[in-house]
Amino acid sequence: MSTSGCLHTRATDAPEAGERKLVYIKTFGCQMNVYDSERMTEALVTEGYTETTVLEQADLVVLNTCHIRERAVDKVYSDLGRIRDVKHERQRAGKATTVAIAGCVAQAEGAEIARRVAAVDVVVGPQSYHLLPDLIGRSKTEGQIVATEFLDDDKFTALPARNRRASTAAFLTVQEGCDKFCTFCVVPYTRGAELSRPVAQILDEARKLAAGGVREMTLLGQNVNAFHGVDADGNEVSLAGLIKALALIPELERLRYTTSHPRDMRDDLIALHASEPKLMPNLHLPFQAGSDRILAAMNRKHTAADYLALVQRIRAVNPALALSTDIIVGFPGETEAEFEATLQMVRTVQFAQAYSFKYSARAGTPAATMDGQLPEAVKTERLHRLQALLAEESTRFNAGCVGKVFPVLFEKAGRRAGQLIGRSPYLQSVYADVDVRALGQILPVQISAAGPNSLAGVVCAPVV
Ligand code: 5AD
Ligand code: SF4
């Protein structure tokens, strides 16, 4: 097994002209992983690979993994069992298969994955995925390779320019890593310190995506509102400044950003929710827990009152803005009364949507060794109660949309023939019967029905 630092060689395994090698990429976890998988796929396509959705056909299998909660890691190892079997079957048929593990499990587990699963050829952390084609080539002669260093080179510059036909909506990473060190979270360890991409590089990528057909762009960062950069004149640019610059790209009709930390919601960003029509009226703002004692133990750097005051400031600027959030139940030492405070926060804020999780201890994080780890049954019971409340809240928010007319950006085919699925400004999925030519267009839709997770409606303008 070898570890990788700087790379000096090019891939030796790139397919010859005319030879068609297939790559199967499976993505776990967050939107940033979706973005990373897109960029890895583009790098591999440049090397002559073609994507397949059939694992058994793949010459190269890439798992882009998530380490945020235990279940995500378990899924990776169970998938690896199946991939190992496929690799052996293919071997018997005389076909080689390269297996690469990317993402945050790769970063956190490193050589341990390669030790546990002999079928793995390459382990590549999120900061090194631009090296993937070279690592694959090297693994042919050097055996298992682990590349998990935090490199100084800029992976975004090293990657090939965006080269695939973009879909209607796209992610664009503008910031990576986190310096907040919430005590439950692996991100500061797997993604490293906070880093903002250069403004010019982001604008360049956004223009290319827009020229390729992207109409809606979601700016990504683990702590996206901590983004800061400088423009071409050397002036400081905040996330609000970046969004203003992106809004000048004519083809881009909708902008969103995620995930924000309450401590970094600056006034200029809040104000933009009233002044910039391209900035969509939704905001993902995790609060994690409703009790101040738990928030302090989580090292969240805000109290429940701080969060509520922030929500008030945001709603004062734009009362129609829909809030979504992340919540953890069963943090070490959480009492029933402290859990009740979380439920109370949900009732007070009235979120349009929320992600809720049972606390899961992650090795190496401070909370993993705290006293008062709760039994699984207690966490499960609290999660069920919380999710029942959240379902009521999201159902109410969605029901309030019935009868309204929303501009909907149609993105993909629905389950039934003749049906398409689009996005409302509030990020709800909207189902409507409409001509397939509506894909990529924003059309007015009168909402006729609502469920906890989606809306249905009738298009009320001709498709051109
Ligand atoms: N256990 C449970 N949930 C977690 N999250 C992050 N780390 C953990 C953990 N150890 C949740 C947080 C975060 C979201 C992306 O995942 O709510 O905002
Ligand atoms: Fe993790 Fe978010 Fe806290 Fe950063 S702010 S440590 S990414 S939960």
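For reference, positions follow the sequence shown, starting with 1. Note that ligands are numbered from 1 as they come in the structure, with each ligand's atoms numbered from 1 the same way. Note that this is a predicted model, so its numbers are computed, not measured.
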Quick test of your reading of the model: are Arg385 and Glu381 salt-bridged, counting only N-O distances below 4.0 Å?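 Between Glu381 and Arg385 there is a salt bridge, with a charged N closer than 4.0 Å to a carboxylate O.
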
Lys/Arg-Asp/Glu bridge criterion (N-O < 4.0 Å) met for Lys244, Glu276: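 Glu276 and Lys244: not salt-bridged.
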
Taking both backbone and side-chain atoms of [X], is any N or O found less than 3.5 Å from an N or O belonging to ligand 1?
| X | answer |
| --- | --- |
| Phe184 | yes |
| Ser360 | yes |
| Tyr359 | no |

Would you say Phe287 and Ile327 make side-chain contact, with heavy atoms under 4.5 Å? yes

Quick one: OG on Ser196 to CD on Gln175, what's the gap to the nearest 0.5 Å?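 Going from the OG atom of Ser196 to the CD atom of Gln175 covers 5.5 Å.
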
How long is the straight-line distance from CG of Leu455 back to CD1 of Ile421, given to the nearest 0.5 Å?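 Interatomic distance, Ile421 CD1 to Leu455 CG, rounded to 0.5 Å: 12.0 Å.
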
Under 4.0 Å from ligand 2, counting heavy atoms only, is it the side chain of Phe184, its backbone, both or neither?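 Side chain only; the backbone of Phe184 stays clear of ligand 2.
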
Is the contact between Pro286 and ligand 2 made by the side chain, the backbone, both, or neither, using heavy atoms and a 4.0 Å cut-off? neither

Would you mind finding which of Arg263, Gln222, Lys180 brings a heavy atom closest to atom 2 (Fe) of ligand 2? Gln222

Can you tell me if Glu70 has a non-hydrogen atom under 4.0 Å from ligand 1? no

More than 12 foreign heavy atoms under 6.0 Å from CG of Asp371: is that the case here? no

Provide, to 0.1 Å, the distance between [atom] and the closest protein heavy atom, together with that atom's residue and name.
| atom | result |
| --- | --- |
| atom 11 (C) of ligand 1 | Arg69 NH1, 3.3 Å |
| atom 1 (Fe) of ligand 2 | Cys185 SG, 2.3 Å |
| atom 4 (Fe) of ligand 2 | Cys178 SG, 2.2 Å |
| atom 3 (Fe) of ligand 2 | Cys182 SG, 2.3 Å |

Full working for side chain to side chain donor-acceptor pair (under 3.5 Å) between Thr395 and Asn398: CA-CA 5 Å; Thr395 303; Asn398 289 345; over 6 Å; no

Which of the ligand 2 atoms, numbered from 1, are nearer than 4.0 Å to a heavy atom of His261: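 In order of numbering, the contacting atoms are 5 (S).
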
